[in-house]
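Lettering follows sequence order; numbering is per chain, from 1.
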Amino acid sequence: MNIKHFLDQTFTESLSSLAGSDTPGIVKQAQRVEFGHYQANGVMGAAKKIKTNPRELAQQLISTLDPETFTTEVAGPGFINVHLRTSFIASELNKLREDALLGVVPVEQTKIVVDYSAPNLAKEMHVGHLRSTTIGDAIVRILEFLGQDVIRANHVGDWGAQFGSLLAYMDRQSQKGESLSTELKDLEKFYQAASALFKSDEEFAKTARGYVVHLQNGDPKCLELWQQFIDESIRHSQEVYEKFDITLTRDDIRAESAYNDDLPIVIQELGEMQGLLVESEGAKCVFFDEFKGKDDKPLPAIIQKSDGGYPYMATDLAAARYRTRVLNADKVLYVVGGEQLLHLRQVFAVAGAAGYIQDNQEFRHLPFGMVLKADGSRFKTRDGADVKLIDVLDEAINRAFALVSEKNPSLAESERQEIAKVVGIGAVKYAELSKNRTTDYIFDWDTMLSFEGNTAPYLQYAYTRIRSIFRRASVEALEGEIELVEEVEIRLGLKILQFPEAIESTLEDYQANVLCNYLYELSGVFNTFYEQCPVLALDNPTSRLLICELTSRVLKQGLSLLGITTVEQM
RNA sequence: GCCCUGGUAGCUCAGUUGGAUAGAGCAUCCGCCUCCUAAGCGGAGGGUCGCAGGUUCGACUCCUGCUCAGGGCGCCA
């Protein structure tokens, strides 16, 4: 059950009948403990609308309620403070024990494509991919938890001019007798070597350009080389996903090149739309009044370049078309950097005009900010030394290993390694997810790999504390009921019941940090409870054990929705 | 020049359809391990919410102007 919904409905109904028209109760979680558990803020606005005294209206409203579950009081200019009865909280908690979804109400199933991660296969994954990958994976997990039919779409870059120099370099190295798998072991170095050669060696550059043409014309030898490279690169990215505990698999890849055959069809279909596709300076473009470039000139969406080539606008249109027509998606979410805002707006606009997006289908861009270096400059993506994602993960695991070895030296090394993996990876993911998606952030090892305060290890640690209690409790089955006595028990109980509200507001704007925040608060309240309320010292610890169990279930579930795992001890 | 983001404590960031005294973490300082894991808990200091107007009973939140920072703006992705 969603308590906020329940209260909001109650107050909205009551207020609407008093005001004579639809009037929202505006129920929120109370911001201060002295204001109770929830507060209804709708009275002031309603009173103004019907020109009456807000406090009187509030009084009138609460007299219409017959609350078995909560008590109310009017406060300030016309707030209504809601105090849930302890018995109500306890009975809801007892119900929750049987609920696999922990109070979350499943939604009506729709098909949702989530486009995320999308590394460029020419290179190794670097910190720039952190955001899309982590955020996208969390969104996917949350949607699936709610029972949605989710399709992961890893729109990897595997086509284009840059592959010319890579293939040329591959060819050259293999002629030198170098083993290809050794060569490609470090994709990053390989890419840099190839692009350096492209810049410095005119002969090589010429060969490379030739390879681009051959590749596009479907030359078998070229395609074979390309395929080898792509396979190797995908192996690299899968390795990263596996280490990073990302749910993407090879099957989720639908690469840019997969749309090659669709590109002429897109041109043809756009051409059939009256007046949509126009030629400008030799390129096939779509113009909309809403898009203006420099000097107020109309800005084209270039679908086909003057040399006949297809820019990524075309591929993205083909992908949009595929997602609605073949996959039959109700919703498509693009977890793509904010700098693509204009591009995606154009994609959506053209796709809409072309009929690739119907009115009942929603396309939405979920932008995120850039990862910056400590000096505020951005990470390069074309060449230059980026921080490799795999290195970040390894460093995180190493630091976590050192820490767990210091804190808990008695654990076996294999166990410490397992813990280090879970804690290190969790820390990296949480550092990313707990921030607002849209703003840029500065990549800093120490901030990202911190294990204190509002971090994943804090949440994981709260979980292990609970597990530790159960290890010592040696109870088989918990028989009995939850009874709330101490103030912090009530606070913890209510927090547990607010899990559905956290999930709901997380999905309002697909902001994982809302869920992070909730779990952090839950852990915080639990830690207070842990200090103040001994469990095993009681003659009958059942109620507190049950509270602990529910807390651990919500923590584990919530973390797993973020893609973070838990351990029994750390 | 135009468009999009953002500016909140020394640092990193929360702040949910406008609500009561703007909150965390890190860092600093003070307390707490004969007691279920101290990766923890309790407490202290630290703010003209970029600036100026406006709307409102009420503005960090909405509107306008200004300012600063970043991004984007015809054949790279």
Side-chain angles (χ1 to χ4, degrees), chain A residues 24 26 28-29 31-32 34-35 39 41 44-45 47-48 54 75-79 81 120 122 157 159-162 256 280-285 291-307 309 311-313 315-316 337-343 345 367 369-370 372 376 378 381-382 400 403-404 406-408 423 431 434-436 438-442 444 446-447 450-455 457-458 460-462 464-473 501 504-505 508-509 511 513-514 516-517 520-521 524 527-528 530-532 534-537 541 548 569-570:
Chain A
I26 312 185
K28 304 182 175 193
Q29 291 178 17
Q31 290 181 346
R32 315 178 71 83
E34 24 336 345
F35 300 154
Q39 56 184 60
N41 297 339
M44 277 95 72
K48 184 170 181 135
F79 298 103
N81 294 340
N120 185 342
W159 205 249
Q162 54 203 310
E256 283 183 335
S280 168
E281 297 172 36
K284 294 202 169 80
C285 310
F291 301 115
K292 295 261 176 26
K294 288 177 188 167
D295 306 326
D296 236 24
K297 276 193 284 190
L299 181 72
I302 299 172
I303 321 291
Q304 188 173 25
K305 299 189 285 181
S306 52
D307 67 0
Y312 76 143
M313 179 68 66
T315 321
D316 281 343
E339 70 268 22
Q340 299 296 332
L341 208 103
L342 178 61
H343 168 70
R345 273 178 55 206
M370 290 180 304
L372 305 175
R378 65 189 299 185
T381 51
R382 284 274 148 189
L403 189 60
V404 72
E406 177 198 318
K407 301 263 182 196
N408 223 336
V423 170
S434 60
K435 288 184 183 71
N436 183 309
T438 52
T439 46
D440 294 344
Y441 79 81
I442 291 164
D444 176 73
D446 293 329
T447 314
S450 159
F451 301 127
E452 277 172 15
N454 189 357
T455 62
Y458 179 89
Q460 292 166 321
Y461 182 68
T464 63
R465 280 182 144 183
I466 299 173
R467 297 312 305 156
S468 173
I469 291 173
F470 278 95
R471 264 198 308 282
R472 286 164 185 273
E501 297 172 34
E504 182 189 57
S505 41
E508 259 165 35
D509 201 26
Q511 292 272 26
N513 70 309
V514 175
C516 291
N517 231 334
Y520 178 64
E521 284 169 11
N527 276 328
T528 307
Y530 184 88
E531 300 283 333
Q532 290 179 12
V535 178
L536 300 177
C548 285
Q569 17 185 348
M570 59 191 267

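- Among the nucleotides B:rC41, B:rC13, B:rC75, the one closest to the side chain of A:Lys305 is B:rC75.
- Nucleic acid contact for A:Val404: base, since at least one base atom lies under 4.0 Å from a heavy atom of the residue.
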- CA sep, side-chain torsions, deciding dist, call: A:Met370, A:Asp440, side chain to side chain contact (heavy atoms under 4.5 Å, CB included): CA-CA 5 Å; A:Met370 290 180 304; A:Asp440 294 344; 3.8 Å; yes
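- Contact annotation for A:Lys435: backbone-only contact, meaning every heavy-atom pair under 4.0 Å involves sugar-phosphate atoms and none involves a base.
- A:Glu508 comes within 4.0 angstrom of the backbone, heavy atoms only, and of no base.
- Comparing the C1' positions of B:rU48 and B:rC30 gives an interatomic distance of 30 Å, to the nearest angstrom.
- At a threshold of 4.0 angstrom between heavy atoms, the contacts of A:Leu403 include nucleobase atoms, whether or not backbone atoms are also involved.
- If you take atom P in B:rG25 and the same atom in B:rU64, they sit 37 Å apart, rounded to whole Å.
- Nucleotides B:rC51 and B:rA39 have their P atoms positioned 41 Å apart, rounded to a whole Å.
- One C1' atom belongs to B:rA14, the other to B:rU55, and the distance between them is 27 Å to the nearest Å.
- Using a 4.0 Å heavy-atom distance criterion, A:Tyr530 is classed as a base contact.
- For A:Ile302, taking side-chain heavy atoms from C-beta onward, the closest of the listed nucleotides B:rC73, B:rG74, B:rA14 is B:rG74.
- Dashed line: the shortest gap from a side-chain N or O of A:Lys407 to OP1 or OP2 of B:rA38 is not under 4.0 Å.
- Taking the syn range as angles within 90° of 0, the glycosidic angle of B:rC29 is outside it, so the base is anti.
- Spacing of C1' atoms, B:rA27 relative to B:rA69, comes out at 25 Å, to the nearest Å.
- Here the closest heavy-atom approach between residue A:Pro457 and residue A:Phe451 is recorded as CG-CD2, 3.4 Å.
- Using a 30° and 60° split on the angle between ring planes, A:His343 and A:Tyr312 fall in the parallel class, below 30°.
- At the heavy-atom level, A:Gln39 lies under 4.0 Å from base atoms of the strands shown.
- In this model, the phosphate group of B:rC4 is not approached by any side-chain N or O of A:Arg345 to a distance below 4.0 Å at OP1 or OP2.
- Straight-line distance between the C1' atoms of B:rU17 and B:rU21: roughly 23 Å, to the nearest whole Å.
- Side-chain N or O atoms of A:Asp509 include none that pairs as donor or acceptor with a backbone N or O of A:Gln511 at under 3.5 Å.
- Distance check on atom C1': B:rC11 versus B:rA52 gives 28 Å, rounded to whole Å.
- Residues A:Ser450 and A:Asp296 each lie close to RNA chain B; by heavy-atom proximity, the contact nearer the 5' end of the strand is made by A:Asp296.
- Positionally, the nearest nucleotide of RNA chain B for A:Phe35 lies more toward the 5' end than for the other of A:Phe35 and A:Lys297.
- Base engagement by A:Glu281 is indicated by at least one non-hydrogen atom pair under 4.0 Å involving a base atom.
- Within 4.0 Å (heavy atoms only), A:Pro300 reaches at least one base atom of the nucleic acid.
- Counting any heavy atom pair closer than 4.0 Å across all strands shown, A:Met44 reaches a base atom.
- As judged by a 4.0 angstrom heavy-atom cut-off over every strand, A:Glu256 is placed among residues touching the sugar-phosphate backbone only.
- The two residues A:Cys548 and A:Val535 have their closest heavy-atom pair at SG-CG2, 4.1 Å.
- Among the protein residues, A:Leu341 comes within range of the sugar-phosphate backbone only, with heavy atoms under 4.0 Å from sugar or phosphate atoms but none that close to a base.
- Side-chain atoms of A:Asn81 and base atoms of B:rA20 include a donor and an acceptor less than 3.5 Å apart.
- When the P atom is used for both B:rG53 and B:rU61, the distance is 14 Å, rounded to whole Å.
- Among the protein residues, A:Ala537 comes within range of no part of the nucleic acid, since none of its heavy atoms lies under 4.0 Å from any strand.
- Within the nucleic acid shown, A:Phe451 comes within 4.0 Å of at least one base atom, counting heavy atoms only.
- Put simply, the side chain of A:Asp295 never gets that close to the backbone of A:Lys297: no donor and acceptor are under 3.5 Å apart.
- Counting any heavy atom pair closer than 4.0 Å across all strands shown, A:Thr528 reaches sugar-phosphate atoms only and no base atom.
- Checked by atom type and distance alone, the side chain of A:Lys435 pairs as donor or acceptor with a backbone atom of A:Ala431 at under 3.5 Å.
- Put simply, A:Gln31 has no side-chain N or O that comes within less than 4.0 Å of OP1 or OP2 on B:rG23.
- Taking every side-chain heavy atom of A:Glu531 into account, B:rG40 is the closest of B:rC36, B:rG40, B:rA39.
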